[in-house]
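Only one structure is covered here, and it is reproduced in the block below.
Keep in mind that the numbers below use all heavy atoms, side chains included, and drop hydrogens, waters and symmetry copies. Residue indices begin at 1 and follow the sequence shown. Indexing begins at 1, ligand by ligand and atom by atom, following the structure's order.
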Amino acid sequence: MAKPVSIEVWNPNGKYRVVSTKPMPGTRWINLLVEQDCRVEVCTQKKTILSIEDIIALIGDKCDGVIGQLTEEWGDALFSALSRAGGKAFGNMAVGYNNVDVDAATKHGVAVGNTPGVLTETTAELAASLSLAAARRIVEADEFMRAGLYDGWLPNLFVGNLLKGQTVGVIGAGRIGSAYARMMVEGFKMNLIYYDLYQATRLEKFITGYAEFLRANGEQPVKWKRAASMEEVLREADVISLHPVLDKTTYHLINKESLATMKKEAILVNCSRGPVIDEVALVEHLKHNPMFRVGLDVFEDEPYMKPGLADQKNAIIVPHIASASKWTREGMATLAALNVLGKIKGYPIWSDPNRVEPFLKEDASPPAACPSIVNAKALGLPVSKL
Ligand SMILES: NC(=O)C1=CN([C@@H]2O[C@H](COP(=O)(O)OP(=O)(O)OC[C@H]3O[C@@H](n4cnc5c(N)ncnc54)[C@H](O)[C@@H]3O)[C@@H](O)[C@H]2O)C=CC1
Ligand SMILES: O=C(O)C(=O)CO
């Protein structure tokens, strides 16, 4: 028997019971649920990652929907518990849903929501920050200052890489990868090489237009290329940022062999999911190639790091904070709640999950639709005409 889990309750007499496995930023998401007759229960347990038993205890005997987190393994056990409790919706507070067994959810008739569109720029900005921090050795230099080691300007002190004119490589040029590419190309006048299963037409058009603008202003134009293979990106790029989804095709995409393909002084950034990189191979590569640098937001066995990673001066490591801007996190909470609410109320699915602004306007009621349900087709859910 699982121990009871501590909760905070809003609108105790609400008709629909919605559980959030974590307190989430802002209050709009709670207000929107309460206004629509939901009793909202938020788990306040002082434990970062809840166990499956904890979540089953939270679901209880009657639960209409759950808002959960990417740290939780949502598989058959949780979806059958939710379905037994009458639940029809699970909202993952994330765009990535590799923690969710979508087939199991579909089998139990549960809609799975995610939160695309609201974290694109925020995540791309962190990837850009890590790229810059690695190129200019900002963390090492900061540690040096704090250690009281600075005793005057020197010609060779913390010399790093100039990005202008170098090539940025993007693997996975979807929403976030494309936003990152634009930042690096437009902001630092880098050339782009990208690899994706699909053509990034809008990104290509943007860079072509920007190159024309630069040429017209007497500046060196930037260039872009869609690579035929990932290896081409690894061979040619000076800075490589990973932005694919995590699935069977991208697990350990970066391994011993692919690391060996990269330039000795390349920079590798990962703001996607940890298992896209074989972290043991990466630690070895960092040890043997001191001029190779990485910026990591995500890790293979979060919250842990593989032995030796934290000792490498050529690694910048931050704790999965790529989406951590206030606007984005509040927006993610709102979208996750509206996915659950929409399914409870029987609303149709929003037709373009990338165009989520109407759901985020503080001073307006959100559209009567679920912003993004990943198994909408499999469940045969109707699409909104709004
Ligand atoms: N570190 C963080 O806090 C965050 C991490 N993420 C991660 O970033 C991922 C991407 O997010 P979005 O850009 O919104 O998704 P997206 O679906 O727009 O882009 C993913 C791209 O990866 C491509 N792709 C899939 N398999 C591939 C392969 N084998 N090789 C090359 N490309 C491949 C897809 O074609 C697509 O263009 C999410 O799934 C999530 O895991 C997202 C937000 C924040
Ligand atoms: O949305 C996601 O996929 C995240 O990783 C949140 O930071």
Would you find a donor on one side and an acceptor on the other, under 3.5 Å apart, between the side chain of Thr261 and the backbone of Glu257?
yes
Does any N or O of ligand 1 fall below 3.5 Å from an N or O anywhere on Tyr195, backbone included?
no
Would you find a donor on one side and an acceptor on the other, under 3.5 Å apart, between the side chain of Asp301 and the backbone of Tyr304?
no
Is the positively charged end of Arg182 above the ring of Phe206, judged by distance under 6.0 angstrom from the centroid and angle within 45° of the axis?
yes
Would you say Pro116 touches ligand 1, if touching means a heavy atom closer than 4.0 Å?
no
Provide, to 0.1 Å, the distance between atom 17 (O) of ligand 1 and the closest protein heavy atom, together with that atom's residue and name.
Arg175 NH2, 3.7 Å
for atom 13 (O) of ligand 1, nearest protein heavy atom and its distance come out as Ile176 N, 2.9 Å
Polar-atom distance check: His320 versus ligand 2, any N or O pair below 3.5 Å?
yes
If we only count N/O pairs under 3.5 Å, is Gly96 in contact with ligand 2?
yes
Minimum-distance protein heavy atom relative to atom 1 (N) of ligand 1:
Asp297 OD2, 2.7 Å
Verify, without hydrogens or angle tests, whether Arg226 (side chain) and Asp196 (backbone) share a donor-acceptor contact under 3.5 angstrom.
yes
Please work out which of the three classes, parallel, tilted or perpendicular, describes the rings of Trp350 and Phe359, given edges at 30° and 60°.
perpendicular
Starting from atom 5 (C) of ligand 1, find the nearest protein heavy-atom neighbour and note its residue, name and distance.
Cys271 O, 3.1 Å
Parallel, tilted or perpendicular: rings of Tyr180 and His243 (30°, 60°):
tilted
Among His320, His243, Gln199, which one puts a heavy atom closest to atom 20 (C) of ligand 1?
His243
